[in-house]
**Student:** 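Mind having a look at this structure? Questions to follow.
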Amino acid sequence: FVPPDSVASQYGFTAGLRYDTFNSQQDFEGVPATSQQSLNPRVAASTVLKGFTIVSSFGYFSQAPDYQHLVNAAFDDINRTGRFRIGNPNLGFERAWQFEFNVRARPTPNLLLKTGVYLRSLYGLVASVPQGFTPDSSIFTNSDYGTVRGFEAILERAIVGGWGVRLLYTLQFAEANSSNAFLVRSAYTIDPETGDTIIPAQIEFPFDYDRRHAFTAIVQGVVSPEVGPTVLGSKPFAKWQGSVIVRFLSGLPYTPVDPSLTIPLPPNSARLPWTNTIDLLVRRPLQVGKVAEL
């Protein structure tokens, strides 16, 4: 119960339901593929308190698997017979549930501050698993899982007085028991004494997109239409627009290769170096008669 005159009397609630279905239209050993269905509910709630707003949301999401996992896939070593991956046209959706919690505030009328955390639990991801008693053959199934955790902060100043700025920072941890659907058959090892195929354990590796830090700064400027002298009926120094975008990104993970080792290193066990980019845009709208280009 919230009193009508309470500062928490302003709140909102939204709910939705999405339905997805797909059919690969592929036969598997004479058995036709079945249609896959998924219901994805989503809810969100927000409350306006004194000086800030709280927004939280929860939802289920689903994604159809890539077509390459529905058909037989070529193996990386075609010189060794009997090694192949069997496609599975009856694969189901790759699924996830996600929770977000955000706090938004306006310290001043022109300044917006937004912070939030999110948690995504991924399951039913496509993976290659052993097929029968043949250690060098596998089939695609919905058996992988993963977790994505993150924090993001946004500071935005509206364009007032001819300039504005937006700062964005994201801290993320994304791990799964497989960095891709082919991992089990690309990260196996061979026992040097017995020649047996050793399947890697179900431990978590960083996702290919597991970027720890991402910082972006956007600065925008606009020149007033009344600035400068008038030359031939126009103001050449007026209406100019410009923006600068600066990005600092930590390195993505990758799997190092050391020819001196008989056992491959763990997948995505190393990091690429930091990268940074600077983009500059300068433009001026043109006007021909009464027609202006925005």
Side-chain angles (χ1 to χ4, degrees), residues 1-20 38-63 93-124 145-175 207 209-225 241-250 279 281 294:
F1 174 75
V2 179
D5 58 347
S6 170
V7 294
S9 61
Q10 301 183 35
Y11 60 92
F13 178 81
T14 59
L17 181 65
R18 176 181 173 127
Y19 171 76
D20 292 297
S38 176
L39 287 175
N40 307 296
R42 306 171 190 179
V43 295
S46 62
T47 301
V48 179
L49 301 176
K50 187 176 181 179
F52 59 93
T53 303
I54 296 177
V55 181
S56 61
S57 62
F58 179 85
Y60 278 90
F61 302 86
S62 60
Q63 173 180 282
F93 283 95
E94 296 180 299
R95 303 176 184 270
W97 62 259
Q98 175 175 305
F99 171 76
E100 290 189 35
F101 181 83
N102 299 310
V103 177
R104 305 171 185 175
R106 283 194 176 273
T108 65
N110 301 323
L111 194 63
L112 172 64
L113 176 62
K114 176 183 175 182
T115 60
V117 294
Y118 56 86
L119 174 64
R120 303 185 186 115
S121 179
L122 314 175
Y123 61 97
Y145 56 87
T147 303
V148 181
R149 312 182 306 276
F151 165 82
E152 60 182 5
I154 301 175
L155 178 63
E156 182 174 359
R157 182 190 185 275
I159 300 179
V160 178
W163 69 279
V165 64
R166 190 179 189 190
L167 306 177
L168 305 93
Y169 172 74
T170 301
L171 172 66
Q172 179 177 267
F173 299 85
E175 296 180 333
F207 266 122
Y209 59 84
D210 178 39
R211 191 188 300 277
R212 286 288 179 267
H213 306 279
F215 174 78
T216 304
I218 304 174
V219 181
Q220 297 175 293
V222 179
V223 179
S224 171
Q241 302 173 4
S243 62
V244 178
I245 303 176
V246 181
R247 296 184 180 92
F248 292 94
L249 307 172
S250 61
D279 298 299
L281 170 66
L294 301 179

**Student:** Of all the heavy-atom pairs spanning G116 and N102, show the shortest one and how long it is.
**Tutor:**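 Heavy atoms only, the tightest pair is CA-OD1, 3.3 Å.
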**Student:** Taking atom CG of L112 and atom CD1 of I154, what is their separation to the nearest 0.5 Å?
**Tutor:** 8.0 Å
**Student:** Take L167 and F215, measure what side-chain contact (heavy atoms from CB on, under 4.5 Å) needs, and give me the verdict at the end.
**Tutor:** CA-CA 8 Å; L167 306 177; F215 174 78; 4.3 Å; yes
**Student:** So, taking the atom named OG in S57 and the one named CZ in F101, what distance separates them when rounded to the nearest 0.5 Å?
**Tutor:** 11.0 Å
**Student:** For the backbone of R166 and the side chain of R157, can you confirm whether one donor and one acceptor N or O come within less than 3.5 Å of each other?
**Tutor:**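 Such a contact is absent between R157 side chain and R166 backbone.
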**Student:** What are the two closest non-hydrogen atoms of Y60 and N40, and how far apart are they?
**Tutor:** O-CB, 3.1 Å
**Student:** Before giving the answer on side-chain contact (heavy atoms from CB on, under 4.5 Å), spell out for T115 and F151 the whole-Å C-alpha distance, their side-chain angles and the decisive distance to 0.1 Å.
**Tutor:** CA-CA 8 Å; T115 60; F151 165 82; 4.3 Å; yes
**Student:** Is the backbone of V55 close enough, under 3.5 Å, to the side chain of S46 for a donor and an acceptor to pair up by distance?
**Tutor:** no
**Student:** Are more than 12 heavy atoms from other residues, nucleotides or ligands located less than 6.0 Å from atom CZ of R18?
**Tutor:**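 Atom CZ in R18 is not packed in, count stays at 12 or less.
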**Student:** What's the spacing between F248 CZ and H213 NE2 if we round to 0.5 Å?
**Tutor:** 14.0 Å
**Student:** Of all the heavy-atom pairs spanning S243 and Q220, show the shortest one and how long it is.
**Tutor:** CB-CG, 4.0 Å
**Student:** Of all heavy-atom pairs between F52 and A105, which one has the smallest distance, and what is that distance?
**Tutor:**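 So the two residues come closest at CB-CB, 3.8 Å.
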**Student:** I need the L111 CG to E156 CD distance, nearest 0.5 Å.
**Tutor:** 9.0 Å
**Student:** Do Q172 and Y118 have side-chain N/O donor and acceptor atoms under 3.5 Å apart?
**Tutor:** yes
**Student:** Got T47 and T53 here, is their nearest side-chain heavy-atom distance under 4.5 Å?
**Tutor:**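 A side-chain contact is absent here, since even the closest heavy-atom pair is not under 4.5 Å.
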**Student:** For residues P41 and L39, report the shortest heavy-atom separation together with the two atoms involved.
**Tutor:**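 Taking every non-hydrogen atom into account, CD-O, 3.5 Å.
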**Student:** Take Y169 and E152 through the side-chain contact (heavy atoms from CB on, under 4.5 Å) test and state the conclusion after the steps.
**Tutor:** CA-CA 6 Å; Y169 172 74; E152 60 182 5; over 6 Å; no
**Student:** Under a 3.5 Å threshold, yes or no: a donor from one side chain and an acceptor from the other, between S38 and R95?
**Tutor:**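 Per modelled atom types, S38 and R95 side chains form a pair under 3.5 Å.
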**Student:** Taking side chain as C-beta onward, heavy atoms only, is Y145 less than 4.5 Å from T147?
**Tutor:**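 Not touching, per the 4.5 Å side-chain cut-off.
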**Student:** So I218 and V165, do their side chains get closer than 4.5 Å, heavy atoms only?
**Tutor:** no
**Student:** Using the ring centroid of each side chain, check whether W97 and F61 are separated by less than 6.0 Å.
**Tutor:**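 No, the ring of W97 stays outside the 6.0 Å limit from the ring of F61, centre to centre.
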**Student:** Measure across A96 and L122 and return the closest heavy-atom pair with its distance rounded to 0.1 Å.
**Tutor:** CB-CD2, 3.3 Å
**Student:** Within the side chain of R211, is there an N or O that forms a donor-acceptor pair under 3.5 Å with the backbone of S250?
**Tutor:** yes
**Student:** Once you round to the nearest 0.5 Å, how far does CG of D279 lie from CZ of R247?
**Tutor:**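 Result: 5.5 Å between the selected atoms.
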